Amino acid sequence: MKLLYLDTETGGLDPKVNPALQISGIIEVDGVVMQEFDLRLRPHPSAVIDAKALSINGLDPERLHDPDRLEPIDAYKRLKSIFLTYIDKYDKKDKFYLVGQNVHFDYGFLLELWNRQGDNYLGSFVHYHKIDLIALTAALRLAGKLPTDPAILPSMKLEALCSYFGMEKQTHDSMSDIRQTREIFGKYLRFLSTHPDTI
């Protein structure tokens, strides 16, 4: 199975108007990590940037056009090249399963990046069905395999899960976030495959 772990940092919540400023991912094929990528983007010309979002992401608005950042079209080309390394876009059965924390949010920004380049075929690379860590966490809480006591696990946010599992807290950065997401997802998979009483 081919998995694409994906996380983004953005200039707001709406992919139609707010820009993707960082896109990070891990490509895993049959349980083996094949590649990581971490792209930092400049905002597209018509982008609306929410100052609060920049503050949360720790981004300086004066540095969003730094030389080390990619123009959106170059980020698109680089990502497409990476995807083509692992996926035959003409094979309808050969696609990534997208994995992430609230992954539909991140997918929306990836899709908008594709659409802005006039490419309506992101679906050639990414499976329609996505794997959301939040949904898995909720299911495991309902099954009594993760605590519902807010004093132990106060929310289903990534920070709370990392704290519960004793993982080192990272800065708000999509590369760090996606590595932690993959680690937690691995714990869930091991649980589901071995059926212990607790995770």
Side-chain angles (χ1 to χ4, degrees), residues 1-15 18 20-41 50-60 95-111 126-199:
M1 181 175 283
K2 298 178 182 180
L3 303 180
L4 171 59
Y5 298 87
L6 183 74
D7 193 60
T8 62
E9 303 297 346
T10 69
L13 300 177
D14 185 350
N18 304 130
L21 299 173
Q22 185 181 4
I23 302 176
S24 305
I26 301 172
I27 293 173
E28 179 183 305
V29 179
D30 296 331
V32 178
V33 172
M34 307 301 291
Q35 185 171 350
E36 292 186 351
F37 58 83
D38 184 24
L39 308 183
R40 296 173 190 270
L41 289 68
D50 184 337
K52 183 177 180 181
L54 294 188
S55 177
I56 291 171
N57 296 331
L59 295 174
D60 182 348
K95 298 179 190 292
F96 291 118
Y97 280 92
L98 203 62
V99 185
Q101 173 83 350
N102 192 20
V103 72
H104 293 277
F105 174 85
D106 303 296
Y107 175 75
F109 280 89
L110 186 65
L111 179 62
V126 178
H127 201 286
Y128 175 79
H129 298 291
K130 298 163 186 62
I131 303 171
D132 192 342
L133 196 69
I134 290 178
L136 289 175
T137 301
L140 289 169
R141 292 182 91 172
L142 287 169
K145 304 304 180 183
L146 281 173
T148 56
D149 184 345
I152 302 173
L153 184 58
S155 74
M156 294 186 288
K157 291 182 178 179
L158 185 61
E159 295 87 346
L161 292 170
C162 287
S163 177
Y164 173 74
F165 286 115
M167 296 162 58
E168 184 178 349
K169 185 177 181 181
Q170 302 287 339
T171 56
H172 200 77
D173 174 269
S174 61
M175 193 71 244
S176 297
D177 287 352
I178 203 58
R179 287 173 178 154
Q180 291 179 325
T181 297
R182 179 176 177 270
E183 185 175 346
I184 293 170
F185 182 63
K187 292 178 185 293
Y188 289 178
L189 287 184
R190 287 191 291 275
F191 162 73
L192 293 170
S193 63
T194 58
H195 302 285
D197 291 334
T198 57
I199 294 179

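This structure is a prediction, so every number in the text was calculated from the model and none was measured. Positions are given from 1 along the sequence.
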Whether the side chain of [X] engages the backbone of [Y] through a donor-acceptor N/O pair (distance < 3.5 Å, no angle test) should be reported.
X      : Y      : answer
Ser55  : Ala51  : no
Asp7   : Gly100 : no
Asp132 : Asn102 : yes
Gln101 : Leu133 : no

Problem set entry | Qualifying residues under side chain to side chain donor-acceptor pair (under 3.5 Å), relative to Asp14, sequence neighbours excluded |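 Listed in chain order: nothing, the list is empty.
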Exercise. Is it the case that Lys130 places NZ or CZ above or below the six-membered ring of Tyr128, under 6.0 angstrom from the centre and within 45 degrees of the axis?
Worked result: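 Relative to the ring axis of Tyr128, which defines the angle, Lys130 lies inside both limits.
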[Y] side chain reached by [X] side chain, heavy atoms, under 4.5 Å:
X      : Y     : value
Leu6   : Leu98 : yes
Ile27  : Leu4  : yes
Asp38  : Ser24 : yes
Glu9   : Leu41 : no
Met34  : Lys2  : no
Ile178 : Glu36 : no
Leu54  : Leu21 : yes
Arg182 : Val33 : yes

For this session: Please test Arg179 against Asp173 for salt bridge (charged side-chain N to carboxylate O under 4.0 Å, His left out), starting from the C-alpha separation and ending with a verdict.
Result: CA-CA 10 Å; Arg179 287 173 178 154; Asp173 174 269; over 6 Å; no
Side-chain atoms of residues 146-163: list all donor-acceptor pairs with protein atoms under 3.5 Å, sequence neighbours left out, distances to 0.1 Å.
from: Asp149; atom 1: OD1; to: Ala151; atom 2: N; distance (Å): 2.9
from: Ser155; atom 1: OG; to: Lys157; atom 2: N; distance (Å): 3.2

Any idea which heavy atoms bring [X] and [Y] closest together, and the distance?
X      : Y      : result
Phe37  : Ile23  : CD1-O, 3.9 Å
Phe191 : Leu140 : CE2-CD2, 3.3 Å
Ile184 : Met167 : CG1-SD, 3.7 Å

